[in-house]
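What follows is a short report on a single structure.
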Number of protein chains: 2
Amino acid sequence: MTDSPTSSTPTDIRGPRLHGVYDALRAAVLSGEIRPGEGISETRVAARYGVSRTPVREAFRRLADEGFLRIVPQVGTFVAPIQLSAVSDSQFIRETLECRTVRLAAERAEAADVASLTRLLDSHRAVMSPDRHSEFFALDEATHAELARIAGRPAVWDLLVAVKAQLDRVRFLSLHSEGWAAKIVGEHQSIVDRVAARDPDGAEEAMRAHLRTVFAAVDEIARTNSHFFET
Amino acid sequence: MTDSPTSSTPTDIRGPRLHGVYDALRAAVLSGEIRPGEGISETRVAARYGVSRTPVREAFRRLADEGFLRIVPQVGTFVAPIQLSAVSDSQFIRETLECRTVRLAAERAEAADVASLTRLLDSHRAVMSPDRHSEFFALDEATHAELARIAGRPAVWDLLVAVKAQLDRVRFLSLHSEGWAAKIVGEHQSIVDRVAARDPDGAEEAMRAHLRTVFAAVDEIARTNSHFFET
DNA sequence: AATGGCATACTAGTATGCAAGTTGCCGCGA
DNA sequence: TCGCGGCAACTTGCATACTAGTATGCCATT
């Protein structure tokens, strides 16, 4: 063992057991299948997935770091309540960073970038039906990621994915109303228009308006599901 | 036992062994005691600290998540090289968030807040001698944390502590020149002045100037220690 | 001498047993 | 019926044994 790790991937590749358990639990918490306050134990989860406690333990630890679980030594592990303060902080951080990146994107966008965004918008319009909710969600994320890439700051979106986690928990609490998808795509269109026009001020305003829409929905859901939350 | 923040997650009350190993390793990597590319193994670290592999393993995982270590399965664990792109991204994120928070701080600061900042500045001036470097560093952090608190966004600083980690690794590579401490305190003074004057625009500009100073130093160090870095 | 293959010594991933601590139930007594 | 004490059954934290995969150096072969 001399030096050079020679690892092509920046994020480590771990055993499949850990990833399987981690992904399953994360999805279960995010979708609300396991509800805030509910207790889960390393032993039970290990038995359920047919693995030992060790990979389960690491998955727990990671999920606790992300704010999904709360580990209380010698007592148990519980699904963390959604903290309203964390939601508010997530919104603040997201708005601050995304308004800055979209401004940069508007300054730097080239023809190929605009074309890429337009393709994403077309794909997005194609999956607006309620039964393709997960595809719609993925394309929503992809659009924001693409804007960060165009801005020359793809890592900013990586950070936001982690920060957004608490927001996504809220989002999953409720399916959205009829015109929701159309409204989102329309706002994305406005952003892309301003980016294509190389208009940083307009792009920033369009992004701000878009995020305020999303945040308003989050607040609405929070009010109608207050039992899941903690002050 | 003073420098590293380690205030990552508020819900972390795990065993003392894990914390001991984690703090020691984090400090060793940050200070350069263990250099980028160097390999460490769970077994050796466990033996050295007189604990089993389990807490070492959790500490490794956490440090890998923070970007300090790179775990390559079946091969080994290595101190991650400092990625210049990560440093740049950290700077971008820090500037974006801190300029926004200091603006808010200037809008919201009350007399008590200004007094608190002034106290921090006085303390800071008292530890400007080179032999009190760790105290100086701690008060630097405390000032920025206080600004975030005044802005009503203390969690933003918690995030920045994690994001800043790569910057701090660079900072530790080199002790600073003669007038460095005075320059930092002077810039902090300018920021506090603008906050006290309830001048958001001025506060933001002062913060931007301050961060540009810090970033320039980081870039300088990066150039003169290129062997620690990775493109 | 150069090279290819294999044995060995390492690594992290996983499984499991033990220890320490908390919770809550259950029975006993007033 | 109500209150209290103690035990039992759980929990996670830690230690250790085992598995599987990789790098490396030695040795035989060419």
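In what follows, chains carry the letters A, B, and so on, assigned in the order in which the sequence lines appear, proteins first and then strands, with residues in each chain numbered from 1.
Classification of Asp168(A) and Arg26(A) as a salt-bridged pair fails, no side-chain N sitting under 4.0 Å from a carboxylate O. In summary, Asp65(A) and Arg61(A) engage in a salt bridge, as defined by a charged side-chain N under 4.0 Å from a carboxylate O. A salt bridge links Glu220(A) with Arg223(A): the distance from a Lys NZ or Arg NE/NH1/NH2 to an Asp or Glu carboxylate oxygen falls below 4.0 Å.
Atom pair Glu58(B):CD and dA12(C):P shows a separation of 15 Å (rounding to whole Å applied). At whole-Å resolution of the value, OH in Tyr22(B) and P in dG13(D) are 17 Å apart. Protein atom CZ of Phe78(B) is 11 Å distant from nucleotide atom C1' of dC10(C), rounded to whole Å. Put simply, CZ on Phe60(A) is 10 Å from P on dT11(D), counting in whole angstrom units. The distance between atom CG of Leu69(B) and atom C1' of dT11(C), rounded to the nearest whole Å, is 15 Å.
Judged by closest nucleotide on DNA chain D, Gly76(A) is the one of Thr54(A) and Gly76(A) placed further toward the 5' end. Judged by closest nucleotide on DNA chain D, Ile40(A) is the one of Pro55(B) and Ile40(A) placed further toward the 5' end.
In this structure, Thr77(B) reaches the dA12(C) phosphate: one of its side-chain N or O atoms is under 4.0 Å from OP1 or OP2. Residue Ser52(B) has no polar side-chain atom (N or O) positioned under 4.0 Å from OP1 or OP2 of dC14(D). A sub-4.0 Å separation between OP1 or OP2 of dT11(C) and a side-chain N or O of Arg53(B) is absent.
Not a single donor-acceptor pair, N or O on each side, falls under 3.5 Å between the base of dG13(D) and the side chain of Arg61(A). Donor-acceptor pairing under 3.5 Å, judged by distance alone, is absent between the side chain of Gln74(B) and the base of dT22(D).
Nearest to the side-chain atoms of Ile71(A) among the listed nucleotides dC14(D), dT12(D), dT23(C) stands dT12(D). The side chain of Arg44(A) has dT11(D) as its nearest neighbour among dA15(C), dT11(D), dA12(C). The side chain of Thr43(A) lies closest to dT12(D) when the candidates are dG13(C), dT12(D), dT22(C). Of the candidates dT12(D), dG13(C), dT11(D), the closest approach to any side-chain atom of Glu42(B) belongs to dG13(C).
A side-chain donor from one of Thr96(A) and Arg100(B) sits under 3.5 Å from a side-chain acceptor of the other.
Looking at heavy-atom distances under 4.0 Å, Ser41(A) makes contact with sugar-phosphate atoms alone, never a base.
Separating the CG atom in Leu139(A) from the CE atom in Met128(A) is a distance of 12.0 Å, to the nearest 0.5 Å.
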